[in-house]
Amino acid sequence: MTSKAPPSAEEQLTFLTKLQRLFAEGDFTATYKFALLIALSDLAVELGKDDGAELALTTRQIAERFVQLYWRHALPYGTGRPHTGPGVLIQSLGVQAAVLTAIEEFRTRSSATTLHEARKDALYGTLLSKVAAVVSAQPLAYLQNFGGITDPFLYERTGRGIVMLKPNVAYCLRRFHPLVQQLSRTHWVGHIKANRRNHGILGDTGDLEDFLFEISRQSLAIIGAGLRKLDGPWCFYCGEGLQGSDVDHFVPFALYPRDLAHNFVLAHPQCNRSKSDSLAGRSHLERWLQRLTYRSPQLNEIGEVAGVTVDSRTAHRVAAWSYANAHAAEGRAWVKASTYEAIHSDHLLLLTAL
């Protein structure tokens with residue numbers, strides 16, 4: 001697409017105002033619209049640029065993200081609390097969400113237990129086509145209806161299977177990605193909890209957000225064991241030997257809440273707590289980029305076994321986006337406990353040099 005100047009502060013504020021109205025005034029009869037907002041914001045980060053240009057996406061790309069988002073949701077969830085029993089959570093006010101039904105049917109006919117295995121199955125193309133049809137007919141058709149009108153401020157349907165994010169939208173989705181994700185996930189959880197048909201599964205409470213959106217403990221253990229074998233028993237940040245260890249998101253999960261195999265490192269629990277939701281300093285970034293270059297095949301293998309997304313190019317794009325955003329906001333990066341550095345153009349040069 002032709003380059004276009006980034007949106008003005010006023011245009012960004014207009015975008016945020018309309019987004020707020022969408023959540024407040026939209027009709028959410030299923031969780032699809034939340035999934036669509038998450039998918040669009042992720043794809044804007046991974047495929048868009050920091051200008052005001054349009055961004056063309058396909059319904060198949062969006063459907064792939066829907067399968068990723070709902071894959072684990074098709075499994076029974078249980079809290080173990082009295083008077084509850086495990087079950088697949090209902091994600092629609094009517095019949096069960098068709099995307100979940102399609103994934104459940106695929107699981108009964110396939111031996112795949114992870115998404116990586118599923119993509120190799122001959123039936124996966126059929127699953128993706130079914131999900132793409134649901135995405136096209138439902139959330140893409142109705143997301144921009146709110147307040148009694150249709151306001152196509154996010155995208156237009158420009159051809160069969162083509163969704164065009166309008167000028168300035170990809171930029172705003174990139175710029176406000178954490179906010180879009182937080183709003184979508186919070187409303188998604190609230191929608192499921194408010195559905196009376198889920199009360200027999202959930203009871204009064206439950207760690208529902210962890211189940212819906214975060215990596216499973218089993219996958220985390222597999223990744224931890226794989227990283228220890230690959231990188232050795234050393235903290236990625238301080239370089240000292242590990243006894244206990246945490247699997248840390250190098251680009252913080254709070255900034256980009258999607259699990260990518262190439263984004264994981266092993267760290268001391270105290271280093272992980274100290275870094276928290278900060279980006280890492282220049283020396284850490286340099287070593288992470290070297291690792292991305294030279295150990296990508298091994299990280300692919302770890303991710304495939306653990307069942308998480310393996311895509312070194314996406315991990316690199318996400319890092320470039322996160323550091324560019326932080327640089328524009330005059331942010332600071334974590335070096336070690338109680339020590340931070342300003343994010344300079346040097347950080348960005350490292351990311352563009354790869």
ask   = Is the shortest heavy-atom distance from the side chain of Q270 to the side chain of S274 under 4.5 Å?
value = no
Review point. Is the shortest heavy-atom distance from the side chain of L285 to the side chain of F250 under 4.5 Å?
Key: yes
Membership question, hydrophobic clusters at under 4.5 Å side-chain separation (ILVMFWY): are L165 and Y171 in the same one? no
### Task
Please confirm whether the backbone N or O of G94 pairs with a side-chain atom of R197, one donor and one acceptor, at under 3.5 Å?
yes
When rounded to the nearest 0.5 Å, the distance separating CG of N198 from NE2 of H191 is 9.5 Å
- [ ] Apply side chain to side chain contact (heavy atoms under 4.5 Å, CB included) to S129 and R60, showing your working.
- [x] CA-CA 7 Å; S129 295; R60 206 164 181 86; 3.3 Å; yes
Worksheet item: Are T186 and Q182 close enough, and set up right, to give a side-chain hydrogen bond (donor to acceptor under 3.5 Å, both in side chains), and what steps lead you there?
Response: CA-CA 6 Å; T186 299; Q182 181 185 20; 5.2 Å; no
Rounded to the nearest 0.5 Å, the OG1 atom of T309 sits from the CZ atom of R258 at a distance of 4.5 Å
Main chain of V163, side chain of R157: is a donor-acceptor contact present, judged purely on distance under 3.5 Å? no
Review point. Less than 4.0 Å between a side-chain N and a carboxylate O, is that true for R109 and D121?
Key: no
Let's go through S345 and H327 carefully: what are the C-alpha distance in whole Å and the side-chain angles of both, what is the deciding distance for side-chain hydrogen bond (donor to acceptor under 3.5 Å, both in side chains) to 0.1 Å, and is it a yes or a no?
CA-CA 7 Å; S345 56; H327 178 256; 5.4 Å; no
Rounded to the nearest 0.5 angstrom, the CG-CZ distance for D210 and R217 is 8.0 Å
For T79 and L202 the tightest heavy-atom approach is CG2-O, 3.8 Å
- Task: Give me the ring orientation class for F66 and Y70: parallel if the planes are under 30° apart, tilted from 30 to 60°, perpendicular past 60°.
- Result: tilted
Decide if atom CD of E301 counts as having more than 12 heavy atoms of other residues, nucleotides or ligands within a radius under 6.0 Å.
-> no
In short, S278 meets W334 closest at the heavy-atom pair CB-CB, 3.9 Å
- Message: Hydrophobic cluster membership, with links at side-chain heavy-atom distances under 4.5 Å among I/L/V/M/F/W/Y: are L179 and F28 in one?
- Response: yes
Note: I62 and V135 closest approach over all heavy atoms is CG2-CG1, 3.8 Å
Smallest heavy-atom separation, G52 atom then P7 atom, equals CA-CD, 4.4 Å
inquiry  = In this structure, would Y32 and F213 fall into the same cluster of hydrophobic residues linked by side-chain contacts under 4.5 Å?
reply    = yes
TODO: Report the C-alpha distance between R65 and E46 in whole Å, list the side-chain angles of each, state the deciding distance to 0.1 Å, and finish with yes or no for salt bridge (Lys or Arg N to Asp or Glu O under 4.0 Å).
DONE: CA-CA 12 Å; R65 294 310 168 93; E46 296 167 19; 2.5 Å; yes
*asked:* Could you go through F211 and L89, starting from their C-alpha distance and side-chain angles, then the distance that decides it, and tell me whether this counts as side chain to side chain contact (heavy atoms under 4.5 Å, CB included)?
replied: CA-CA 11 Å; F211 172 75; L89 293 165; 4.1 Å; yes
Run the salt-bridge test on R291 and D231 with the 4.0 Å N-O cut-off and return the result as yes or no.
-> yes
Student check: side-chain heavy atoms of I192 and L212 closer than 4.5 Å | yes
- Query: Are Y142 and V180 connected, step by step, through hydrophobic side chains (Ile, Leu, Val, Met, Phe, Trp, Tyr) whose heavy atoms are closer than 4.5 Å?
  - Reply: no
**OP:** Return yes if some donor-acceptor pair links the side-chain N/O of E209 with the main-chain N/O of R185 below 3.5 Å, else return no.
**Re:** no
CG of L93 to CZ of R196, rounded to nearest 0.5 Å, is 11.5 Å
So, do L37 and L22 sit near enough that their side-chain heavy atoms are less than 4.5 Å apart? yes
Closest non-hydrogen contact found for A319 with W288 is CB-CZ3, 3.6 Å
Hits for side-chain hydrogen bond (donor to acceptor under 3.5 Å, both in side chains) against N263, two or more places apart or cross-chain, chain-then-number order -> none
* Measure the shortest side-chain to side-chain distance between F15 and N168 over non-hydrogen atoms and say whether it is less than 4.5 angstrom. => no
When the ring planes of H187 and F34 are compared, do they come out parallel, tilted or perpendicular, using 30° and 60° as the limits? tilted
Checking E54, E156, E11 against K166 for salt bridge (charged side-chain N to carboxylate O under 4.0 Å, His left out), the one that qualifies is E156
(message) Keeping H199 on the side-chain end and K193 on the backbone end, is there a donor-acceptor pair under 3.5 Å?
(response) yes
Between A267 and C235, the two heavy atoms sitting closest are CA-SG, 3.7 Å
- request: Could you label the plane-to-plane angle of the W321 and Y256 rings as parallel, tilted or perpendicular, counting under 30° as parallel and over 60° as perpendicular?
  value: perpendicular
| Heavy-atom side-chain contact between V67 and F106 under 4.5 Å | no
Self-check item: Hphob cluster co-occupancy, L255 + F264, side-chain heavy atoms under 4.5 angstrom
Solution: no
- I302 and L227, any side-chain heavy atoms less than 4.5 Å apart: yes
Margin query: For a 4.5 angstrom cut-off between non-hydrogen side-chain atoms, does T58 reach I162?
Written below: yes
Taking R119 first and then E64, would you say they form a salt bridge - that is, a charged N and a carboxylate O separated by under 4.0 Å?
yes
_Let's go through L299 and V310 carefully: what are the C-alpha distance in whole Å and the side-chain angles of both, what is the deciding distance for side chain to side chain contact (heavy atoms under 4.5 Å, CB included) to 0.1 Å, and is it a yes or a no?_
CA-CA 8 Å; L299 291 166; V310 292; over 6 Å; no
Check: Hey, mind stepping through H73 and Q91 against side-chain hydrogen bond (donor to acceptor under 3.5 Å, both in side chains) and telling me if it holds?
Finding: CA-CA 9 Å; H73 301 189; Q91 301 210 29; 3.1 Å; yes
